[in-house]
Structures are given as C-alpha cells and as structure tokens.
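Heads up: the structure comes next, in structure tokens.
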2 protein chains.
Amino acid sequence: MTSRAEAADMPYDGETKTPDRLRRRASRLLSQMSAQADRLMNEGLAQVDARKWHYAVLASLQEFGPGSQATLSRRTGIYRSDMVGVLNELAERGLVERAPDPDDRRRNVITITAQGRRHLRRLDKVLDDLHEELLAPLTPAERDQFVQQLTRLLDHHTQQAPHPPIP
Amino acid sequence: MTSRAEAADMPYDGETKTPDRLRRRASRLLSQMSAQADRLMNEGLAQVDARKWHYAVLASLQEFGPGSQATLSRRTGIYRSDMVGVLNELAERGLVERAPDPDDRRRNVITITAQGRRHLRRLDKVLDDLHEELLAPLTPAERDQFVQQLTRLLDHHTQQAPHPPIP
DNA sequence: CGGTTGCGTTAGTCTGACTAACGATGTAAG
DNA sequence: CTTACATCGTTAGTCAGACTAACGCAACCG
C-alpha cells in the first residue's frame, strides 16, 4: 500500500507537481472548486444578462412571495448593504418592482413581475445546464451524496454559528 | 400547477427560509462552504502568524526542494504576481531564503530554512486540527469520499481546461 | 545577431464577503 | 407622552482572493 508512490522510478517533476498534503486539504479543494464553479456560473449567467444574486432574489420572491429588502436579505443570505445594488439591477431590467410599504414607511416591498417570472424560468434552465457541466464527472447518486454532504457541513457550521448570522 | 401551494399547512416562514432550489444548488453550497472554510483557516492560521499561502509554499519546498519563484507558482497554483508578496512575508519571518540563481540570473532560488521546516510542522498540526473541525459532521469514510469527489471534479475542470492554466 | 520566451516585479481590476454608520421610522417602557 | 431602543434602506469603505497587463531583464533558438 504505497500511498505516495515511491518517487524512485517516477518521472520526478518538482516543477509542476503539487504536494499531496496540499492537494488533499479539503479547504484548498473547496476554494478551488468554488472558484471554478463561480467562473462557470458567472460566464453562463452573463450570457443572459444576469448574475448569481439575481437568481437568488428572484427564486426567493417566486417561492415565498413579496418581501422587504431586509426579508430578502435573510432569505438569500445576501447582506442588506449589497441587496440595494442587486435590486437596482433587477428593477432596471423590469424584473422586480420596488414600492414603499404603506404599513411601515421604513420598508420597500419588493415584488416579482411577470417578466421576472419569465426570466427566472430561463435562469433555472441555464443553471441546470451549468450544473450538469459542473458535476459532469459524478454519477447521479454521487451528485446527491455530494450535495447532501455539503449541506450537512454547511448546516453544522451555520447553526449555532459563532460567526455569520447575516447581520 | 401549484408549485408553491403546498405551504398550506406548513409553518410558513417566508421571512427567513431559503428556497429549496437555491439551497440545493451545488455552486451555492460550494461558495458558502468555501467561505466558511476560508474563515476557519484564516482564523486558525492567524494565531500562529501564518496564512494559507505560507503553508502551500513551505509544503511545496519541503516536498520537492528549492525552486524558482515561477516553479513555486506552478507547484502551488499561486499566481507569480502574488508569489512576490508571499515570499516577502516568509523571508521576513526567516522561513525561506531568497537568493539569486548563479546559473540563471533571471531567477531567484527559494530555499526553506530550518526554522521554516519547524514552522511547517506546526502548520501541519494546526491545519489537521482545523480540518477536523471543518469536517466534523462527516464520518472518516465520508470525508475520504468527499475529498475524492472534490478532487475528481477539480481534475475534470482543470485538465484540458479552456480557462486557467496558471498564466 | 535578432526574435522569442521565461523571469521577477509592480500595479491595477473585479468579485464576493463583510463592517460601520447615517437618517428616517417604528416599537416598547416608564 | 417621551425617552430609549431596534429596524430599515442606503452609502461608503475594508479586506481577501483570483486574475490581467506590462515592465525590464536575462536566456535560449535559429
């Protein structure tokens, strides 16, 4: 069981090879895969004039109905300071409507438009395709497993999280 | 087609719940887990006056011996423009030595020092602990599986990659 | 010799994640 | 009622990671 391969008769290549202890680190794999996934999504979404956050907000609106910006922030995990810009973009494109809430004049009520719903359907399709590409090397069973493990990890670190409860 | 109608008798919480289609997206899970892992690593490493990149460089030096900055760049995946700063930090701390290469005067030869080796041993321990924490919810078998799947994904996207061959 | 390639370095872009503080408004306690 | 506190939208800014462009220099190739 030679795990790290007696370099003895291997074409030793200290020029390009990454040490095993490095390649194996989950944190490293995660950040690299995350970068890769981000690149993929951004490219794909750019082709339909959209961004990751657009999808998050539209999906949340579709699923749970209208809400204030702070509500959307909680639902999507986007900081409310960043939500401003996202909603500007969505409103510019006519995908959502931002109207003052008569019941609470601090708030804006955000509503998805018909066009927004249409756009969301498109984004869903685009993202499905992109994820197909992203997860191509995994079998369907492995994909489920992978997603489920990621979910468990994430839940564990965000439950009684000492850190980021989306301020 | 009542796609969101089933909320009928659920404790509907449109204020904080994230839509399923969103929570499930691997790209989203990856970026969130990556952020979480980054935070964890950065915090842990900060306590021993180190950074992620420090580990990568030191590990590479230990495993494959001295090399030029460009070589290290290839081995670790750090851009050579960022390598400069990393090596400055490592040199300041006396963990590596940067000497001009007499055989090729464009190059610097980077060598790990005894102190660097000591530091690396410490970092390895720290990272082991941090990863124990990071992957806590997974059984040992699942961890292997998880790492292996990430590796496969990453390999697939970096092999004949149209995109980032570490320029 | 001249052109191309590789090297180290500087500077700068872009994105995502995150903090601080503001004024305006709402809620609760005395 | 008024004083204190919390929440909302917004602006501005920090910080890190990933990445590009371009520079001057040195080496290699034909």
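Residue numbering restarts at 1 for every chain, and letters A, B, ... go by the order of the sequence lines.
- A:Q145 CD to B:Q149 CD: the interatomic distance, rounded to the nearest 0.5 Å, is 5.0 Å.
- Within the 4.5 Å cutoff, no side-chain heavy atoms of B:H157 are placed close to those of A:R39.
- Residue A:M83 contributes atom CE, which lies 15 Å from atom P of D:dT11 at whole-angstrom precision.
- Backbone-only contact: B:N108 has heavy atoms under 4.0 Å from sugar-phosphate atoms and none from a base.
- Rounded to an integer number of Å, the gap from CG of B:D103 to P of D:dC28 is 10 Å.
- Distances were taken from every side-chain heavy atom of B:R106 (C-beta onward) to each of C:dC7, D:dA16, D:dA18; the shortest belongs to C:dC7.
- For the pair B:R105 and B:R51, nearest-nucleotide mapping onto DNA chain D gives the more 5' position to B:R51.
- Residues A:N42 and B:Q69 each lie close to DNA chain C; by heavy-atom proximity, the contact nearer the 5' end of the strand is made by B:Q69.
- Of the candidates D:dA18, C:dT10, D:dG9, the closest approach to any side-chain atom of B:V84 belongs to C:dT10.
- Side-chain contact between B:M41 and B:Y55: absent, with no pair of heavy atoms (C-beta onward) separated by less than 4.5 Å.
- Taking the side chain of A:D104 as heavy atoms from C-beta on, and the options C:dG8, C:dA17, C:dT25, the nearest nucleotide is C:dT25.
- Judged by distance alone with a 3.5 Å cut-off, a donor-acceptor contact links the side chain of A:D82 to the base of C:dC18.
- To the nearest 0.5 angstrom, A:L29 atom CG is 12.5 Å from A:Q36 atom CD.
- The distance from atom CZ of A:R80 to atom C1' of D:dA12 is 14 Å, rounded to the nearest whole Å.
- Judged by closest nucleotide on DNA chain C, A:D38 is the one of A:D38 and A:D101 placed further toward the 5' end.
- With rounding to whole Å, B:M41 atom CE is found 16 Å from D:dA16 atom C1'.
- Two residues are said to be in side-chain contact when any heavy atoms from C-beta on lie closer than 4.5 Å; A:L30 and B:L30 meet this criterion.
- The interatomic distance linking B:I78 (CD1) with D:dC19 (C1') rounds to 14 Å, in whole Å.
- Counting to the nearest Å, the P atom of C:dT5 and the CZ atom of B:R107 are 17 Å from each other.
- Both A:A35 and A:S81 lie near DNA chain D, and the one whose nearest nucleotide falls closer to the 5' end is A:S81.
- Taking atom OH of B:Y79 as the reference point, atom P of C:dT9 lies 19 Å away to the nearest angstrom.
- For the pair B:W53 CH2 and D:dA16 C1', the interatomic distance rounds to 11 Å; values are reported in whole Å.
- Phosphate proximity of C:dG16 to A:R39: absent, as no side-chain N or O sits under 4.0 Å from OP1 or OP2.
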